[in-house]
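The structure under discussion appears below in the form of structure tokens.
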Number of protein chains: 2
Amino acid sequence: MSEVAATGISVLLVDDHPIVRQGYRRVLESQGDLHVVAEADNAADAYSAFKTHDPDVIVMDISMPGASGLEAIRNIRARSPRARILVFTMHNEAVLVKAAFNAGASGFVTKSSEPSAVVNAIRSVARGERAMSDDIAHILAEDSLSSGSALDQLGEREIEILRQFAGGATTEQIATQLNLSVKTVQNYHYLIKSKTGARTDAQLVRLAATCGLTRI
Amino acid sequence: MSEVAATGISVLLVDDHPIVRQGYRRVLESQGDLHVVAEADNAADAYSAFKTHDPDVIVMDISMPGASGLEAIRNIRARSPRARILVFTMHNEAVLVKAAFNAGASGFVTKSSEPSAVVNAIRSVARGERAMSDDIAHILAEDSLSSGSALDQLGEREIEILRQFAGGATTEQIATQLNLSVKTVQNYHYLIKSKTGARTDAQLVRLAATCGLTRI
DNA sequence: TGCAGCTCGGGCAAATTTCCCAACCCGGAT
DNA sequence: ATCCGGGTTGGGAAATTTGCCCGAGCTGCA
């Protein structure tokens, strides 16, 4: 960590949108102490880039095609427990935030945050601290008071599948993307409906939307 | 428009994520001929900024909280038909694309596109041309077999059934309510899907919501 | 060690979707 | 007046999905 203070903070950017990555890179590098040493647009590349470049912080959008972002966090942390991962996404649902921290993330910042908040979060994570943006803190605070939105009873996989479904994905698309059999996705679909009490796909979509799982 | 050629292309950036806006701004301004003259993070600010700065192109993410992005496009175009709006979003569903063009957008580019494709789209739109990224063109091409516009092509009965369905009603409830056989409602369901190009019930709900047919 | 809970899928009857089709009525064009 | 097109209403049959049951592997926890 001494060389961190001497040379600044090295960052690995993970996001599936190239222009978004390029934008982040410019914003971060204008700070002086932040250096983007590599980029990746999927979970597998992220891990190999991590091994190659050994960055101080991984800034990762968890809504990527292919493997779940949470899965990616778990994989990286399982192999390299010293990895510092800052989740940087537009999603702000309490269940997702908690799942991310449980998976091993060191920080969670929404894209609604001011750039200064983002770079400060990167610096905090690089120091080994836990970091989150103000809106996330508020959401977690409210969540700890009120017990139980409809989503709290859902597991991580169920939430991921619900989000993709509500986003308009077909059963086969979800199965392919998550590497599951169609039957399993169908079963999750049914399980989610019975857990939440939704009788109709439309009700499921509305539920997901009101819980902030998807935007319309 | 003569001053456009002399001074480059002025751009109004609309996106609800500040750091995303800042990233785009840097990417665009590194091009030399593109100048971001204003930013906005919601529909209302977007219109006032448009009136104040009179930009050549509005680059807009339509997935914003609050008012629908499509609504924003319609509002701006209704008041200022010469406005050029380039939709720039991560969504790539055919129904959304068609709805955006119907609302008056001049272009549609996904965030998966290369930065060069995005800036070229901005230049095309500034010249008054229609622009879209390759993936969008493919999606529209596949869809164009049974194409049409989003909701305008639906009859009264179809719209009524779509509204009730998107509101969460079951097929039997709709049939009872409208004094139709279940079979007829099922047929309408299928007909609406094929007319709008929606492949999923969830996409139907999203379409109904973005068109103001139902509130979530 | 054992229990509880999540994940993942098979099986199978019931229901729905997907597409075809035929009518009816009605307004407009010929 | 006649025909055509389109909205509306439903039948039929194959394909698919749903609803609900089941078991198996795994993990964390008591």
Side-chain angles (χ1 to χ4, degrees), chain A residues 67-75 77-78 81 95-96 98-104 148 150-166 168-205 207, chain B residues 142-143 145-149 151-166 168-205 207:
Chain A
S68 155
L70 297 177
E71 203 66 37
I73 295 176
R74 241 187 302 275
N75 282 339
R77 292 278 301 181
V95 279
L96 254 190
K98 289 192 281 190
F101 278 116
N102 282 334
L151 289 187
D152 285 341
Q153 51 194 327
L154 298 183
E156 195 179 283
R157 212 87 244 224
E158 291 158 341
I159 287 185
E160 174 63 22
I161 287 175
L162 173 56
R163 186 177 53 193
Q164 296 209 27
F165 169 77
T170 67
T171 300
E172 299 108 82
Q173 285 172 341
I174 298 175
T176 302
Q177 194 146 57
L178 299 182
N179 244 305
L180 297 175
S181 85
V182 170
K183 181 63 186 174
T184 298
V185 177
Q186 289 173 340
N187 278 336
Y188 273 115
H189 191 347
Y190 166 71
L191 196 63
I192 293 167
K193 273 202 216 171
S194 52
K195 275 192 180 180
T196 58
R199 305 180 166 281
T200 291
D201 285 353
Q203 290 179 11
L204 262 194
V205 175
L207 174 71
Chain B
E142 294 229 4
D143 180 82
L145 316 167
S146 63
S147 77
S149 48
L151 271 195
D152 319 323
Q153 51 188 339
L154 297 182
E156 246 179 67
R157 217 76 263 219
E158 291 158 342
I159 286 188
E160 176 61 24
I161 287 175
L162 173 56
R163 171 163 46 220
Q164 297 209 28
F165 169 76
T170 68
T171 302
E172 299 104 72
Q173 285 173 340
I174 299 175
T176 303
Q177 177 91 23
L178 299 181
N179 256 33
L180 298 175
S181 84
V182 170
K183 183 63 191 177
T184 300
V185 178
Q186 289 174 340
N187 278 337
Y188 271 116
H189 192 350
Y190 168 71
L191 195 63
I192 294 167
K193 273 202 214 171
S194 50
K195 274 192 179 180
T196 58
R199 287 177 286 107
T200 289
D201 284 353
Q203 289 182 11
L204 262 195
V205 176
L207 174 71

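Here the structure is a predicted model, which means the values were calculated and not measured. Naming convention: chains lettered A, B, ... in sequence-line order (proteins, then strands); numbering from 1 in each chain.
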Over how many whole Å does the gap from [X] atom [atom1] to [N] atom [atom2] extend?
X        : N      : atom1 : atom2 : value
B:Leu154 : D:dG6  : CG    : C1'   : 14 Å
A:Gln173 : D:dT17 : CD    : P     : 12 Å
B:Leu191 : D:dG11 : CG    : P     : 17 Å
A:Leu180 : C:dT7  : CG    : P     : 10 Å
A:Ile161 : C:dC6  : CD1   : C1'   : 12 Å
B:Leu178 : D:dT9  : CG    : P     : 8 Å
A:Ile174 : C:dT7  : CD1   : C1'   : 16 Å

Could you state the interatomic distance from [atom1] ([X]) to [atom2] ([Y]), rounded to the nearest 0.5 Å?
X        : Y        : atom1 : atom2 : value
B:Ile174 : B:Gln186 : CD1   : CD    : 10.5 Å
B:Arg157 : B:Leu191 : CZ    : CG    : 13.5 Å
B:Asp201 : B:Lys193 : CG    : NZ    : 4.0 Å

### Message
Looking at D:dG10, I'd like to know if its phosphate oxygens (OP1 or OP2) sit under 4.0 Å from a side-chain N or O belonging to B:Thr184.
### Response
yes
Salt bridge (charged side-chain N to carboxylate O under 4.0 Å, His left out) filter on B:Arg199, not counting sequence neighbours, yields none
Report task. Apply side chain to side chain contact (heavy atoms under 4.5 Å, CB included) to the pair A:Ile161 and A:Leu180, showing each step before the final yes or no. Result -> CA-CA 11 Å; A:Ile161 287 175; A:Leu180 297 175; 4.3 Å; yes
Taken in chain and number order and not counting sequence neighbours, the residues that satisfy ring-ring contact (aromatic ring centres under 6.0 Å, His included) with B:Phe165 are B:His189
What does A:Ser181 touch in the nucleic acid at a heavy-atom separation under 4.0 angstrom: a base, only the sugar-phosphate, or nothing?
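A:Ser181: backbone/sugar contact only, no base atoms under 4.0 Å.
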_For a quick check of understanding: with a heavy-atom distance under 4.0 Å over all strands, which category does B:Glu160 fall into, base, sugar-phosphate or nothing?_
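The residue B:Glu160 makes no contact with any strand.
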B/S/- along nucleotides 25-30 of chain D (protein heavy atoms under 4.0 Å) is ------
Sequence neighbours excluded, the answer for side-chain hydrogen bond (donor to acceptor under 3.5 Å, both in side chains) partners of A:Thr171 is none
message = Closer than 3.5 angstrom, by distance alone: can the side chain of B:Glu158 be matched with the main-chain N or O of B:Ile192 as a donor-acceptor pair?
response = no
**Q.** Main-chain N/O of B:Gln173 paired to B:Thr170 side chain as donor or acceptor, under 3.5 Å
**A.** yes
Work out how much the helix from C:dT1-D:dA30 to C:dT30-D:dA1 bends between its end axes, five pairs an end, to the nearest 10 degrees.
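The helix from C:dT1-D:dA30 to C:dT30-D:dA1 shows an end-to-end axis angle of 30°.
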Note to self: One thing to verify: whether B:Arg163 and B:Glu160 come together as a salt bridge, which I'm taking to mean a side-chain N less than 4.0 angstrom from a carboxylate O.
What the structure shows: yes
### Query
For A:Ala166 and B:Ala202, which heavy atoms make the closest approach, and how far apart are they?
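What the structure gives for the nearest pair is O-CB, 4.0 Å.
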From D:dT17, C:dC8, C:dT16, nucleotide with atom closest to A:Tyr188 side chain:
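Out of D:dT17, C:dC8, C:dT16, the nucleotide with an atom closest to A:Tyr188's side chain is C:dC8.
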Between N or O atoms, less than 3.5 Å apart, protein on one side and nucleotides 18-20 of chain D on the other: list the pairs.
| unit_1 | atom_1 | unit_2 | atom_2 | d |
| --- | --- | --- | --- | --- |
| D:dG19 | O6 | A:Lys183 | NZ | 3.0 |
| D:dC20 | OP2 | A:Tyr190 | OH | 3.2 |
| D:dC20 | O5' | A:Tyr190 | OH | 3.4 |
| D:dC20 | N4 | A:Asn187 | OD1 | 3.0 |

